Amino acid sequence: AQTVTQSQPEMSVQEAETVTLSCTYDTSESDYYLFWYKQPPSRQMILVIRQEAYKQQNATENRFSVNFQKAAKSFSLKISDSQLGDAAMYFCAYRNTNTGNQFYFGTGTSLTVIP
Amino acid sequence: NAGVTQTPKFQVLKTGQSMTLQCAQDMNHEYMSWYRQDPGMGLRLIHYSVGAGITDQGEVPNGYNVSRSTTEDFPLRLLSAAPSQTSVYFCASRSLYYTGELFFGEGSRLTVL
């Protein structure tokens with residue numbers, strides 16, 4: 001079974017600084033998708049960024065970018081110029097394209113932004 | 001743009017009571033699913049469906065029942081609530097024919113006393 005590991009339960013960053021959230025996953029598949037979701041205190045789950053495994057180029061969405069290392073099965077999220085509104089729980093997720101179409105989520109990283 | 005709509009947002013039950021969490025989506029998504037979120041455990045899949053009349057179990061299906069009579073609706077039924085079912089529940093849907101990100105409802109906080 002696929003597993004997703006987020007080894008940092010809590011992180012903090014100074015406003016305007018950069019922070020990197022870690023995620024590793026376990027799979028024997030070669031074709032899959034990876035996602036980062038943000039869950040602010042409102043509880044709503046919001047897609048931050050996605051990465052297709054067949055793409056070598058790291059995905060970027062404004063201040064959010066990923067470092068996708070396929071061989072190492074690592075998928076970290078970098079948040080640049082951190083803002084107070086970035087404070088949230090962040091979940092890493094994996095989806096296989098071949099079997100079951102299931103999403104597998106990590107346990108989350110709680111990010112605090114310090115003014 | 002309603003997206004995925006869940007009701008109720010909050011519910012308190014007594015042990016042994018039954019209830020249904022409603023979920024509706026207006027994006028014509030084939031895939032619908034229910035997750036529960038517990039502290040330190042991330043999101044765990046309860047049940048899912050890939051189309052009307054088709055449902056299957058996820059990681060933690062015990063104590064829950066689902067049905068999918070239409071593309072739009074995917075209710076989750078708690079047959080006899082237990083304190084272990086105290087959790088936040090999310091309904092999520094996605095297209096099977098695209099990169100398939102999950103679209104989530106706002107969540108339902110359920111407390112079983």
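Nothing here was measured: the structure is a model prediction, and the numbers come from that model. Just so we're on the same page: letters track the sequence lines, and every chain starts at 1.
Under the 4.5 Å side-chain heavy-atom criterion for Ile, Leu, Val, Met, Phe, Trp and Tyr, B:L45 and B:V50 are members of the same hydrophobic cluster. Following chains of ILVMFWY side-chain contacts shorter than 4.5 Å, one cannot reach B:M19 starting from B:L113, and the two form parts of different hydrophobic clusters. B:L76 and B:F10 are not part of a single hydrophobic cluster, where members link through side-chain heavy atoms under 4.5 Å apart. In terms of hydrophobic clustering, with Ile, Leu, Val, Met, Phe, Trp and Tyr side chains grouped at heavy-atom distances under 4.5 Å, A:L111 and A:F75 are assigned to a common cluster. Taking hydrophobic clusters as Ile, Leu, Val, Met, Phe, Trp and Tyr residues chained together by side-chain heavy-atom distances below 4.5 Å, B:V4 does not share a cluster with B:Y48.
With a 6.0 Å radius and a threshold of 12 heavy atoms from other residues, nucleotides or ligands, A:K70 has its NZ atom above the threshold.
Contacts between B:L43 and chain A at a heavy-atom distance below 4.5 Å involve backbone atoms as well as side-chain atoms. Only the side chain of A:Q39 comes within less than 4.5 Å of a heavy atom of chain B; its backbone N, CA, C and O stay farther away. Heavy-atom distances place no part of B:R44 under 4.5 Å from chain A, backbone and side chain included.
Closest heavy-atom contact between B:E106 and A:R43: O-NE, 3.2 Å. The heavy-atom pair separating A:M45 from B:F90 by the smallest distance is CG-CE2, 4.1 Å.
Here CG of A:L47 is found 7.5 Å from CZ of B:F103. Values are rounded to the nearest 0.5 Å.
If you look at B:Y35 and A:F103, their ring centroids are not closer than 6.0 Å.
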* Evaluate side chain to side chain contact (heavy atoms under 4.5 Å, CB included) for A:Y37 paired with B:L102, printing each intermediate quantity in order. => CA-CA 10 Å; A:Y37 279 88; B:L102 277 174; 3.4 Å; yes
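Under the 3.5 Å distance criterion, with hydrogens and angles disregarded, no donor-acceptor pair is assigned to the side chains of B:E59 and A:Q102.
Side-chain contact between B:Q37 and A:F91 is present, with at least one heavy-atom pair separated by less than 4.5 Å.
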